[in-house]
Every structure is written in structure tokens, then in C-alpha cells.
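Since the model is a prediction, treat every value here as computed from it, not as a measurement. Both ligands and their constituent atoms are indexed starting at 1 by order of listing. Residue numbers start at 1 and run along the sequence shown. These values consider heavy atoms only, across backbone and side chains, with no hydrogens, waters or symmetry-generated copies.
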Amino acid sequence: MEFVKKRLLISDNNPSIVFNAKKCIDCGLCRMICKSTNGIDVDKHNAEGVAVCVNCGQCSVVCPTGAICERDDVDLVKKAIKTKGKVIVFHTAPAVRVAFGEAFGYSAGDNVEKKMVGLLRKLGADYVFDTTFGADMTVMEEATELVQRLKLNKDLPLFTNCCPAWYKFVEIYYPDLINHITTVRTPVNITSICIKTYFASKLNIDPKNIFVVSITPCTAKKFEILRKEMNSASQYNKDGEYQDTDAVLTVKEVVKWAKSRNLDIKNIADSNFDSMFSRGSGAGVIFGSTGGVMEATLRTAYYFITGKRPPNKFLNFNKVHTYEKVKEARVRIGEYNLKVVVITGLDNARKFLDDVKNGKNHYDILEVMACPSGCVGGAGQPKNINKSAPYRRAMGLLNYDEKLNLRYSFKNPDVIRMYNEFFGYPMSEVSLKVLHTSYKAKQNYLTKE
Ligand code: SF4
């Protein structure tokens, strides 16, 4: 059935975005971006009468009237803060630190990490951790998985999965290819799991009393945390059924909340992340930019395969072509001559997915992110009329990585401690159980939820 309206039809139950019909002028920009950038079949809808949605929220970015916005979950967090006995733990994604300041007069790309941590404490956080730690854990597991697949020549190319919009897209449109998606959980999920297992046991806190809030640039994470398999900590702890992450707030939501309290980061003292998961490597930080997951994974795969640190300018297509939507490279690691591709915009991935399906044009790794320039251009970042903002945020992350002494996930002391004290080694029995997941073909989504 064709839509009568030009706009997208959005479900009232969509966990990522909400639609206000009173503000809609039926310009159709939302429908256009959904179809052109993310290749969604906007003419198909499910039994509920709403369009297929991968939750990236880019429709809310282009909506000129604010008729489409991200779902506001601040009240959920405020309620938890007021609940006696709850321990409130925030963790913040890599891409957030270089955009947060824009709402307070800083430039896109300025890293305001310490001010942001200070602000979160003022808002009610008992602990603030860095999701970059989780990104480094993801790298350790994913690089190990890559090496295994290369040895077995199985399920290649490996698809990265840090973008929940991307892997939902594969589940819906390319269900035959779900075995290509890495089984490693995303950095947000892994950080939350480590909080509700390792951190809880170290501090002797009942995990059910911990409320974990992930601060992200991303509306798709609001959907991801509700997936029923995102309960790994409770499976491990065997103490009931609860989500690994209790709430996701975007930068825009946190800024609105802070401003309602007359808080401005300019007047807030610097504060550091709390020590248990405070350190992220440069490799983890660049997860926020297109090509970052690929580069980070290859840095560690290089070490696992050759036993040596990769040369400083190992890939280097990341910084040079951040604007480009499809970047291909060949990478030599030991005996392997890898062909890799990095893509933004889900529509741009279709050609590559068709090739994989038809056994044409061999690749070893595919990194795909839904949003422009990767998560730095996520729908939850501050609205910035300057079109170069995502690029400048990406440069902020890439320059930060270049200056850091700690640039490799396998060198991160917090990661080393987690393996020594808890997981043993990457893809150990316990890490496979806790840090890995599986996917489900969702082609039925095109006709019913
Ligand atoms: Fe979320 Fe990043 Fe994917 Fe955008 S690119 S939907 S911000 S994970």
C-alpha cells in the first residue's frame, strides 16, 4: 500500500523517536532522507501501518519544524536518582565529548570531556565511566574473532556491529548474511555488563540496585538496549531478568536537562572519570568516527598476528577521507593481504551486501555506520547548522588519538586488568558467554513487527 502522506509514518511505540502531528507540514524531508541515505523501503510498512525503522533518527535531524524528535528519557533517569538505594552510574560514548560543548559556546571538535564528567556528577551520577573502555574490550574480542575467521576462511567478510541501525538493517534486508556480523557486543553493552558484574562484585553492590545510563550521540541505542538479548549481566549473575543498560540519553537530552537546571559547563570544575573504567585508548576513542572501528580492530589484529605493534601510520585512510562515504583499502598483515571497506549511509552498503550474497568481489571486513561521518554525526548530537560539524568532531577525535601515548586497545591497563581478573582471555568460555551475542533474521518485519 502506498503512503498517502509525504511524511514517514512513525509508530507511537518507537523507542527512539516521537512524532508530533501538530507540528508536521508534510514536507517529506524525513521520508526522503530515510530512503536516500539509509536505503529504507519507505513504501513498505508493517501490520501496524508504520514504516520500517532502523532507529538512526536522521529523520529528526532534517525535520525543519521539530515534528520528529528523539524520545525523551530524562524523567526515567530522574526517577531512578530519586529512588532510595539506587546507585546511578553514567558512561559516556567516545563521540559525545567532541560535540557536548557546542551547546555551551564551544566549537565542534573541542574536547570537553572533563567538564562533561563534572556536569554529570552535578546532575546526580554516583559514578561516571568512559564507554571507550568498552570500545577497547570490543576490539580485543573482535580482533580475536577476525583472526579466527581468517584462519578458517569462514564467514568473511566480517561485518562490524557497533551501529545498531546497521545490524538491524542486515537482519531485516539481508537475513541470509547475519552470520557475517561479529558476535561481539557493542561498547555500550559491554561497559554496562562490566558495571553490573565486575564493578558490582568489587564494590559489593546488588546489581539490581545499579541504574546504568549510557550517554550517546545515538537514538538507535535507545532501541538496542531494549533488545531482549541485552540482559547478559543478569544471565551471568543468575539473579533475575534485568536490562544491562537501563537508559540511554542523547547529548541533546542531557543539555536540555542541564539548561533546565541553569547549569553551564563553562562554570563547572573539571572532573575525571572514575577509576575502574576510566581509561580508553586512542583506538577506542576513534570509534566515534567513520573508519575508527576498522582501524582500531586492525591495530590489535596486527599485534595478534605478528606479535608486533603496528606502525604509526598503519591505515591512515581514516583522517584523510572522513567526508567520503565509501573508503576502500588493502592492508598487509603478516601473511594476510586484507581488503577492507568502510561505509557511511546504509544505502551505500547495499551494493557490497549484494556482492557478498552473490559471492562476488571478496572483502575481509566491512564497517558500516548509518550516520554522516559515523557517530559524530548521530541524531542525538546537538543540532548544528554548520554542515562541517560532524567532520570537525571527527577531527577532534582523530587528533586526540594521535596525541595519546595509549593508542592500542591491548595496552589499556583497565582492559588488561579485566582479562586478568575476570574474563581470562579474549573469546574465553566466560567472555563468549557474556560479551558475545547472536542475531535473528527479521525479514518478517517488512510485513509485521
Ligand atoms: Fe548510532 Fe552511530 Fe549508528 Fe548513527 S552511526 S545510528 S550514532 S551507532
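The aromatic rings of Phe304 and Phe410 are tilted relative to each other, their planes meeting at an angle between 30° and 60°. The aromatic rings of Phe104 and Phe100 lie parallel to each other, their planes meeting at an angle below 30°, with 60° marking the opposite boundary.
Look at Cys218 and atom 1 (Fe) of ligand 1: an N/O/S atom of the residue is under 2.8 Å from the metal. Between atom 3 (Fe) of ligand 1 and Cys163 there is an N/O/S contact shorter than 2.8 Å. For Cys371, every N, O or S atom stays at 2.8 Å or more from atom 2 (Fe) of ligand 1.
With ligand atoms numbered from 1 in the order given, ligand 1 contributes 7 (S) to contacts under 4.0 Å with heavy atoms of Gly378. Below 4.0 Å from some heavy atom of Met369 lie the following atoms of ligand 1, by number and element: 5 (S). The contact set between ligand 1 and Pro164, taken as ligand atoms under 4.0 Å from a residue heavy atom, comprises 8 (S).
Ring centroids of Phe159 and Tyr439 are separated by 6.0 Å or more, keeping the two rings apart. Residues Tyr303 and Tyr408 place their aromatic rings such that the two centres sit no closer than 6.0 Å.
Counting protein heavy atoms only, atom 2 (Fe) of ligand 1 is closest to Cys375 SG, 2.5 Å.
Heavy atoms of Ala379 found under 4.0 angstrom from ligand 1: none, in either backbone or side chain.
Remark: distances from the non-hydrogen atoms of Cys162 to ligand 1 include one below 4.0 Å.
A distance of 5.5 Å separates CZ of Phe287 from OG1 of Thr138, quoted to the nearest 0.5 Å.
In terms of modelled atom types and a separation under 3.5 Å, the side chain of Arg407 and the main chain of Asp401 share a donor-acceptor contact.
With a 6.0 Å cutoff to the six-membered ring centre and a 45° limit on the axis angle, Lys196 does not count as a cation-pi contact of Tyr242.
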